[in-house]
Amino acid sequence: MPSKHLFKAAINWTSNQNQEQSGRKFYSKSHKILIEGKPVLNVSAAKTFKGDPELYNPEDLLLSSLVSCHMMSYLYVCAQNGIEVLEYSDNAEATLEVSPDGSGRFTEVRLHPKVIIANSDQIELALELHKKANQLCFIANSCNFPVVHNATCEGV
């Protein structure tokens with residue numbers, strides 16, 4: 001039987017009707033997300049959507065969640081398979097498609113993990129384990145778009 005876990009987040013936003021652009025009033029998109037016991041997360045829309053470019057936006061956070069979850073899943077399967085990971089980095093990219101009606105969706109995320117392992121004899125297995133990590137990744141399993149992996153691996 002599967003186990004279930006509950007995660008909670010609260011949002012706080014206050015109207016700021018003073019903002020105008022081209023003679024039209026608009027709502028500020030900056031807000032605070034509160035998760036009990038953690039620092040406040042200041043969020044806005046992406047700059048493209050008239051948000052504060054200095055704050056995180058939902059698109060940043062979704063991509064960050066995928067990158068982080070894949071790495072943790074990957075480290076887990078490497079440990080299960082006796083692979084000692086020395087370094088892990090990624091420069092991920094996400095494609096967001098916006099329709100003329102203003103709706104949008106991510107169409108693809110591309111992860112580019114670069115891994116350095118202790119034993120160069122395990123490079124082939126280390127590369128293969130990205131598939132297993134993707135199967136285990138909670139966030140990737142929750143997405144309705146492909147998560148593509150272009151992984152590289154080096155041994156020392």
Side-chain angles (χ1 to χ4, degrees), residues 2-22 24-79 83 85-117 126-154:
S3 63
K4 293 186 180 185
H5 304 274
L6 180 65
F7 293 86
K8 295 181 180 184
I11 190 167
N12 282 341
W13 174 86
T14 304
S15 176
N16 184 354
Q17 289 290 329
N18 303 5
Q19 299 185 19
E20 285 193 30
Q21 186 174 26
S22 303
R24 290 179 48 187
K25 289 187 178 187
F26 69 94
Y27 290 109
S28 165
K29 296 180 174 68
S30 297
H31 54 280
K32 297 180 182 307
I33 295 178
L34 304 127
I35 299 170
E36 189 175 327
K38 298 179 183 175
V40 171
L41 188 58
N42 292 301
V43 181
S44 187
K47 180 181 178 182
T48 303
F49 307 114
K50 299 181 176 88
D52 185 338
E54 294 184 12
L55 299 179
Y56 293 107
N57 59 64
E59 296 82 7
D60 291 334
L61 298 173
L62 178 66
L63 181 58
S64 299
S65 295
L66 272 165
V67 171
S68 178
C69 190
H70 181 78
M71 183 198 70
M72 289 185 285
S73 297
Y74 182 75
L75 294 174
Y76 171 74
V77 296
C78 282
I83 295 176
V85 178
L86 303 175
E87 292 181 30
Y88 184 105
S89 62
D90 196 337
N91 290 301
E93 303 168 310
T95 302
L96 177 70
E97 189 175 278
V98 180
S99 301
D101 69 0
S103 66
R105 64 184 291 274
F106 280 100
T107 57
E108 181 181 71
V109 165
R110 292 166 306 286
L111 303 181
H112 303 281
K114 181 179 179 182
V115 180
I116 298 176
I117 61 174
L127 287 169
E128 187 66 26
L129 288 176
H130 284 284
K131 291 177 187 170
K132 180 66 175 172
N134 190 64
Q135 292 171 351
L136 295 177
C137 177
F138 304 151
I139 307 300
N141 285 329
S142 302
C143 295
N144 66 351
F145 50 82
V147 178
V148 179
H149 305 90
N150 299 310
T152 61
C153 184
E154 298 175 18

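For reference, positions follow the sequence shown, starting with 1.
- Going from atom NZ of Lys32 over to atom OG1 of Thr14 covers 9.5 Å, rounded to the nearest 0.5 Å.
- Judged purely by atom type and a 3.5 angstrom limit, Asn141 uses its side chain to pair as donor or acceptor with the backbone of Gln135.
- In this structure a side-chain-to-backbone donor-acceptor pair under 3.5 Å is present from Ser142 to Phe138.
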Next on the checklist: The test is side-chain contact (heavy atoms from CB on, under 4.5 Å); show your working for Glu154 and Lys114 and say whether it passes.
Outcome noted: CA-CA 8 Å; Glu154 298 175 18; Lys114 181 179 179 182; 3.7 Å; yes

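- Using modelled atom types, one finds no donor on one side chain facing an acceptor on the other under 3.5 Å when comparing Arg105 with Ser99.
- Put simply, CG on Leu96 and CG on Leu63 are 11.0 Å apart, with the number rounded to the nearest 0.5 Å.
- Between the NZ atom of Lys47 and the NZ atom of Lys29 there is a distance of 14.5 Å, given to the nearest 0.5 Å.
- Within a 6.0 Å radius of OH in Tyr76, no more than 12 heavy atoms belonging to other residues, nucleotides or ligands are found.
- Residues Ile83 and Ile117 share a closest heavy-atom pair of CG2-CG2, 3.7 Å.
- Taking both residues in full, the closest heavy atoms of Val43 and Pro58 are given as CG1-CD, 4.1 Å, listed atom of the first, atom of the second, then distance.
- Asp90 places a side-chain N or O within donor-acceptor distance of the main-chain N or O of His112, the cut-off being under 3.5 Å.
- Contact between Ala140 and Val147 at its shortest, heavy atoms only, is CB-CG2, 4.3 Å.
- Nearest heavy atom pair, residue Ile139 against residue Ser65, reads CG1-O, 3.9 Å.
- Going from atom NZ of Lys50 over to atom OH of Tyr27 covers 15.5 Å, rounded to the nearest 0.5 Å.
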Checklist entry - Please walk me through it: do His70 and Tyr88 pass side-chain contact (heavy atoms from CB on, under 4.5 Å)? => result CA-CA 11 Å; His70 181 78; Tyr88 184 105; 3.2 Å; yes

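- Taking OG1 from Thr95 and CD from Glu108, the interatomic distance works out to 6.0 Å, rounded to the nearest 0.5 Å.
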Item to check | Test side-chain contact (heavy atoms from CB on, under 4.5 Å) applied to Leu66 and Cys143, step by step | outcome: CA-CA 9 Å; Leu66 272 165; Cys143 295; 4.2 Å; yes

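- Side-chain contact check for Leu34 versus Asn12: some heavy-atom pair is nearer than 4.5 Å.
- Looking at every heavy atom in both residues, Asp52 comes nearest to Ser44 through N-OG, 2.8 Å.
- When all heavy atoms are compared, the tightest approach of Ala94 to Phe106 is CB-CE2, 3.3 Å.
- To the nearest 0.5 Å, atoms OG (Ser73) and CG (Leu129) are separated by 11.5 Å.
- Here the side chains of Tyr74 and Val85 are in contact, with some heavy-atom distance below 4.5 Å.
- In terms of modelled atom types and a separation under 3.5 Å, the side chain of Asn134 and the main chain of His130 share no donor-acceptor contact.
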